[in-house]
Novice: 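This structure is in structure tokens; I'll ask about it shortly.
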There are 2 protein chains.
Amino acid sequence: MRKVYTAATAAADVEAVFRLLEGRWKLVILFHLFGGQVQRFSDLEKLIPGISQKMLAQQLRQLEADGIVERRQYPQVPPKVEYRMTEWGQALCPALDSLLKWSEEKQGSEEDVTRKNIDRVGES
Amino acid sequence: MRKVYTAATAAADVEAVFRLLEGRWKLVILFHLFGGQVQRFSDLEKLIPGISQKMLAQQLRQLEADGIVERRQYPQVPPKVEYRMTEWGQALCPALDSLLKWSEEKQGSEEDVTRKNIDRVGES
DNA sequence: CCGTATCCCCCATGATACTG
DNA sequence: CAGTATCATGGGGGATACGG
């Protein structure tokens, strides 16, 4: 049984999802973890040019708090910490893919729009 | 033939989509237009409590510029302006729905996570 | 009815330095 | 290796007023 939405609640819930993923670096991090990949803090630092330690730590903390990413810490010296997607987090991948597919559709749709506008010239 | 993505390009493209939809009011507007609904400026003003004219105009302009929403102006007094989804914009609906479905999955996945954490106690 | 124009504030991000 | 702590900043969004 699917949840029922009004325009307001649907928008609010999508916004809630956006808030989980907004943040300058979260999506890059996620795409480096999708598909079961496991990365250490320093791996992500290397994989993501331009990110600072502060931002990497902050975004990972938030993703972890939101249940999207799992942090696994090994009590040893030197420290070793691994990050991976949670099961739920991994399930986000196809949803993001549908957004990508949508953005790919843009090209094909533009000629149609042009034709529609031409057809509409002189409309009341 | 699908476009091929790296972690960086996939993230960049999803971010591009997010930028189209980010904005305090865009999603509410969209959900009031999805499914072929047509709304006048003043309709949207009434439908969306708390929005200012400035913000409504601004968000509509951006949605229009991005090809998501279509603005149809009738040259008459008093002015009449209608907004509706473009074909491409309407295609966004199922993609957003997959995000909603994902957020609905959260509940079911949380007990599992708890169990996993318990199982993992004492792990090296 | 359908918008612009201004001013202002806040918070996410960045730079930089330090630590168990 | 894997992080905090602190300070600075800029642009998105709100309040308010005005215009065709």
Side-chain angles (χ1 to χ4, degrees), chain A residues 11-12 14-30 32-33 37-66 68-84 124, chain B residues 8 11-12 14-30 32-33 37-66 68-84 123-124:
Chain A
V14 173
E15 271 160 24
V17 171
F18 277 27
R19 267 192 300 280
L20 300 182
L21 305 178
E22 273 171 28
R24 181 76 181 74
W25 307 98
K26 284 186 184 173
L27 286 168
V28 214
I29 294 172
L30 292 185
H32 278 296
L33 294 175
Q37 296 174 74
V38 177
Q39 308 281 5
R40 300 183 57 169
F41 189 90
S42 52
D43 292 334
L44 291 170
E45 235 182 317
K46 286 167 209 156
L47 286 168
I48 306 172
I51 198 171
S52 67
Q53 291 186 319
K54 168 192 164 179
M55 288 311 295
L56 180 54
Q58 179 192 101
Q59 309 276 290
L60 284 169
R61 292 277 163 285
Q62 294 177 13
L63 290 170
E64 189 196 356
D66 292 330
I68 296 169
V69 155
E70 183 196 327
R71 179 191 138 108
R72 210 173 283 190
Q73 178 170 3
Y74 300 88
Q76 59 186 45
V77 182
K80 178 177 169 185
V81 181
E82 285 176 349
Y83 295 92
R84 70 196 69 202
S124 94
Chain B
V14 173
E15 272 160 23
V17 171
F18 277 27
R19 266 192 302 280
L20 300 182
L21 306 177
E22 273 170 27
R24 182 76 182 74
W25 308 97
K26 284 186 185 173
L27 286 169
V28 214
I29 295 172
L30 292 186
H32 278 296
L33 294 176
Q37 296 173 75
V38 177
Q39 309 281 4
R40 301 184 57 172
F41 189 91
S42 51
D43 292 333
L44 291 169
E45 233 182 316
K46 287 167 207 153
L47 287 168
I48 307 172
I51 198 170
S52 67
Q53 292 186 319
K54 166 193 164 179
M55 289 310 296
L56 180 54
Q58 178 192 100
Q59 309 276 291
L60 284 170
R61 291 280 163 284
Q62 293 177 11
L63 290 170
E64 189 197 356
D66 292 331
I68 295 169
V69 156
E70 181 194 328
R71 179 191 140 106
R72 209 173 283 190
Q73 179 171 3
Y74 300 88
Q76 60 186 44
V77 182
K80 178 178 169 184
V81 182
E82 286 177 349
Y83 295 92
R84 70 196 67 202
E123 179 172 331
S124 101

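First the proteins, then the strands, lettered A, B, ... as listed; each starts at 1. These values consider heavy atoms only, across backbone and side chains, with no hydrogens, waters or symmetry-generated copies.
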Novice: Where does the angle between the aromatic ring planes of A:Phe18 and B:Phe18 fall among parallel (under 30°), tilted (30 to 60°) and perpendicular (over 60°)?
Specialist: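 Taking B:Phe18 first and then A:Phe18, their aromatic rings lie parallel (interplane angle under 30°).
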Novice: What is the distance, rounded to the nearest whole Å, between atom CZ of B:Phe41 and atom P of C:dC2?
Specialist: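 Nearest whole value for this atom pair: 7 Å.
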Novice: Classify the nucleic acid contact of B:Arg19 as base, sugar-phosphate or nothing, counting any heavy atom under 4.0 Å across all strands shown.
Specialist: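 Nothing, no nucleic acid heavy atom in range.
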Novice: Output yes when at least one side-chain N/O atom of A:Arg40 is less than 4.0 Å from OP1 or OP2 of D:dA2, else no.
Specialist: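 Yes, such a contact exists.
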Novice: At 4.0 Å (heavy atoms only), tell me whether A:Ser52 reaches a base, stays on the sugar-phosphate, or touches nothing.
Specialist: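 No contact at all - A:Ser52 keeps every heavy atom at 4.0 Å or more from the nucleic acid.
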Novice: Would you say B:Arg61 reaches C:dC2's phosphate, i.e. side-chain N/O to OP1/OP2 under 4.0 Å?
Specialist: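 It does not, given that no N or O in the side chain of B:Arg61 lies less than 4.0 Å from OP1 or OP2 of C:dC2.
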Novice: To the nearest 0.5 angstrom, please state how far the NZ atom of B:Lys26 sits from the CE atom of B:Met55.
Specialist: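 Separation between the atoms: 9.0 Å.
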Novice: Which of the following nucleotides, C:dG3, C:dT13, D:dG14, is nearest to the side chain of A:Met55?
Specialist: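 Ranking C:dG3, C:dT13, D:dG14 by closest atom to the A:Met55 side chain puts C:dT13 first.
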Novice: Specify the separation, in whole Å, of atom CZ of A:Arg72 and atom P of D:dC1.
Specialist: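 Rounding to the nearest Å, CZ of A:Arg72 and P of D:dC1 are 21 Å apart.
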Novice: Side chain of B:Val81, heavy atoms from C-beta onward: which of C:dC2, C:dC1, D:dC1 has the nearest atom to it?
Specialist: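 Out of C:dC2, C:dC1, D:dC1, the nucleotide with an atom closest to B:Val81's side chain is C:dC2.
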Novice: Specify the closest pair of heavy atoms between A:Ile29 and A:Ile48, including all atoms of both residues, with the distance to one decimal.
Specialist: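 In terms of heavy atoms, the two residues are closest at CG1-CD1, 3.7 Å.
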Novice: If I take atom CD in residue B:Gln73 and atom P in nucleotide C:dG3, what distance separates them, rounded to the nearest angstrom?
Specialist: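 So the two atoms are 7 Å apart, to the nearest Å.
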Novice: From C-beta outward on A:Ala57, which listed nucleotide comes closest to its side chain: D:dG3, C:dT4, D:dG14?
Specialist: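 Minimum distance to the A:Ala57 side chain belongs to D:dG3.
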Novice: When you check the phosphate oxygens OP1 and OP2 of C:dG3, does a side-chain N or O of B:Tyr83 lie under 4.0 Å from one of them?
Specialist: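 Yes, such a contact exists.
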Novice: Which atom pair, heavy atoms only, marks the closest approach of A:Leu21 to A:Leu27?
Specialist: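 In this case the closest contact between A:Leu21 and A:Leu27 is O-CG, 4.2 Å.
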Novice: Which heavy-atom pair separates B:Gln39 from B:His32 by the least distance, and what is that distance?
Specialist: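 Between these two residues, the closest heavy atoms are NE2-O, 3.2 Å.
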Novice: Which whole-number value in Å describes the distance from A:Glu22 CD to D:dG12 P?
Specialist: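 It works out to 13 Å between those atoms.
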Novice: Over how many whole Å does the gap from A:Glu45 atom CD to D:dC1 atom C1' extend?
Specialist: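 Rounded to whole Å, this separation is 9 Å.
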Novice: Rounded to the nearest Å, what distance is computed from the CG atom of residue A:Leu56 to the C1' atom of nucleotide D:dG3?
Specialist: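 Whole-Å distance recorded here is 10 Å.
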Novice: With hydrogens left out and only the distance checked, is there a donor-acceptor pair under 3.5 Å joining A:Lys54's side chain and the base of D:dG3?
Specialist: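 Per atom types, no contact qualifies.
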Novice: When the distance from CD of B:Gln62 to P of D:dG13 is rounded to whole Å, what number comes out?
Specialist: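 Computing the B:Gln62:CD to D:dG13:P distance gives 8 Å.
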Novice: Write down the distance between CD1 (B:Ile48) and P (D:dG14), rounded to a whole number of angstrom.
Specialist: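 One finds 12 Å between P of D:dG14 and CD1 of B:Ile48, rounded.
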Novice: Between A:Arg71 and D:dG3, does any side-chain N or O lie under 4.0 Å from OP1 or OP2?
Specialist: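 Indeed, a polar side-chain atom of A:Arg71 lies that close.
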Novice: Closer than 4.0 Å, any side-chain N/O of A:Trp25 to the OP1 or OP2 of C:dG14?
Specialist: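 So the side-chain polar atoms of A:Trp25 do come within 4.0 Å of the phosphate oxygens OP1 or OP2 of C:dG14, strictly under.
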Novice: Give one of base, sugar-phosphate or nothing for A:Gln59, where a contact means two heavy atoms less than 4.0 Å apart.
Specialist: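 The residue A:Gln59 makes sugar-phosphate contact but no base contact.
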Novice: Got A:Arg40 and A:Lys80 here, is their nearest side-chain heavy-atom distance under 4.5 Å?
Specialist: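 A side-chain contact under 4.5 Å exists here.
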Novice: Please tell me if A:Arg24 has a side-chain N or O lying less than 4.0 Å from either OP1 or OP2 of C:dA12.
Specialist: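 Looking at the OP1 and OP2 atoms of C:dA12, neither is under 4.0 Å from any side-chain N or O of A:Arg24.
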